[in-house]
Amino acid sequence: MMTACVISVREYRKEHTFLEKVSHDDMMQADGSAISGFVPDVSSPLSLDTEGRVTLTAETAPVNPATPTQPQMRTLQLSKGDTLQSLLTEAGASKEDIDQIIATVQSKYNLRRMKTGQAFIVTTQNATESQPFQLKNIEFNISDKSVLTVVRTAQGTYEAKVESLTLKPVLRRIDGRIQSSFYSTALRQGVPKNIVQEAIASLTYVMNFQHGIKKGDEFQILFEEKHDRHGKVVKTGNLRYVSFTAGKTQHRIYRHTNNGQVSYYDDKGRSIVKGLLQTPLDASKMRITSGYGMRLHPINGYNKYHKGVDLGAPTGTAIKAAGDGVIIKYGYYGEYGNFVKIRHSNGYETAYGHLSRYEKGLSVGSRVSQNQVIGYVGSTGSATGPHLHYEVIYKGSNINPMSVKKMPSVQLVGKDLQKFNKAKSEIDTHLVALAQPNTIAYLPDNMTDSTQQPVVG
Ligand SMILES: [Zn+2]
């Protein structure tokens, strides 16, 4: 039904003064089927014909860039068994071009390191029927931090360069209404798993998750993402805010950095902290074999201050982190044998000695949560039998672990409270601005604190 249709560019301009604003539908109404064939090229009508005429026929008009076009961008992705070579071949690049491109890329990056799923953003230009694929450039991320770009030069050769990838920090808001559990509802709404876990961990302080949640309760989560220059999410950052409305009560939690320490606070500026576990072993499996304070050392035979408590338990009994925190020592340490030390918030540390073995996957710097297994009871180092030597350190001094009931929550006051209130109102402003579901806001580059992990008691 498509017949040849010739209209002059001048006429065309007159009819469509505001080309950008003309939708495909408008075009169809304006000039029927022939125009509809013209639609794919509406962004560049003037480049079509040097004689100032636009010639369209059923054979040549269409969808395919049969005539020289504006640069076109597309994403190619490595599937299993693909190579950059096979992708480019499939896309229509000539063998000569591919050989050159591969050689250029290889000079900067080992293509064997490429994994399935690797995406290439390919921009082509001046495609013609005889050569449908004329490369302008290819770019792909070779790490979280750098991008490799291959550019075609005016001489028709290819050049590769590696640039550092500037990621744009973004704030995303996701809301939800509880279906079954908070966890599953939030995941279904698209909240990343680690953000959901963080949200639950911080809400646990202010509400009872076992009994306090009902279908229909609502939550709002604000978290950071890092976007690459094409707006693709490259990384998830930190949870910045979570609110949970159970019935008529709304719980609101803000992430905030106070004097260099990241923590979560309620809306009154009170930090969210949990008490340390009094005994980091299953209470039914252990007994206190040596208390805190002065005692006769069982091996050396002289009086020595015992800086912790000894908890007797069978070799292999699981040892749990006494609180959320970060592992700061993880390795053999003299008399302590296999040893773990964890830093918690507000000046607390806990230490664990004589382990028979460590839990897999942990090391210095690992973040652990309360009750997470960190190792197993043993008698390495200087120990008469299997037990856990357990210490609590507060601001650099050992204290009796049995005296630690609850770590005090910190109420910000004075200037600190003023700073908190300012940060809080910034978050509240973002919440209002991001009221539409699943919207994002760009943050200034210095507004994130992604490198720091919050340490919650
Ligand atoms: Zn001991």
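Note: hydrogens, waters and symmetry copies are ignored here, and every other heavy atom, side chains too, is used. Values in this document were obtained by computation on a predicted structure and should not be read as measured data. Both counts, for ligands and for their atoms, begin at 1 and track the order of listing.
Shown here are the salt bridge (charged side-chain N to carboxylate O under 4.0 Å, His left out) partners of Arg188, two or more places apart in sequence or in another chain: there are none. A search for ring-ring contact (aromatic ring centres under 6.0 Å, His included) contacts involving Tyr158 returns nothing, not counting sequence neighbours.
Here His306 meets the criterion, with an N, O or S atom under 2.8 Å of the Zn ion (ligand 1). Metal site remark for the Zn ion (ligand 1): His389 contributes an N, O or S atom at a distance under 2.8 Å.
No other N/O/S atom of Asp310 lies as close to the Zn ion (ligand 1) as OD1 does.
Between Tyr336 and His354, the gap from one ring centroid to the other reaches at least 6.0 Å.
Taking the charged nitrogens against the carboxylate oxygens, Lys235 and Glu225 have no contact shorter than 4.0 Å, which rules out a salt bridge.
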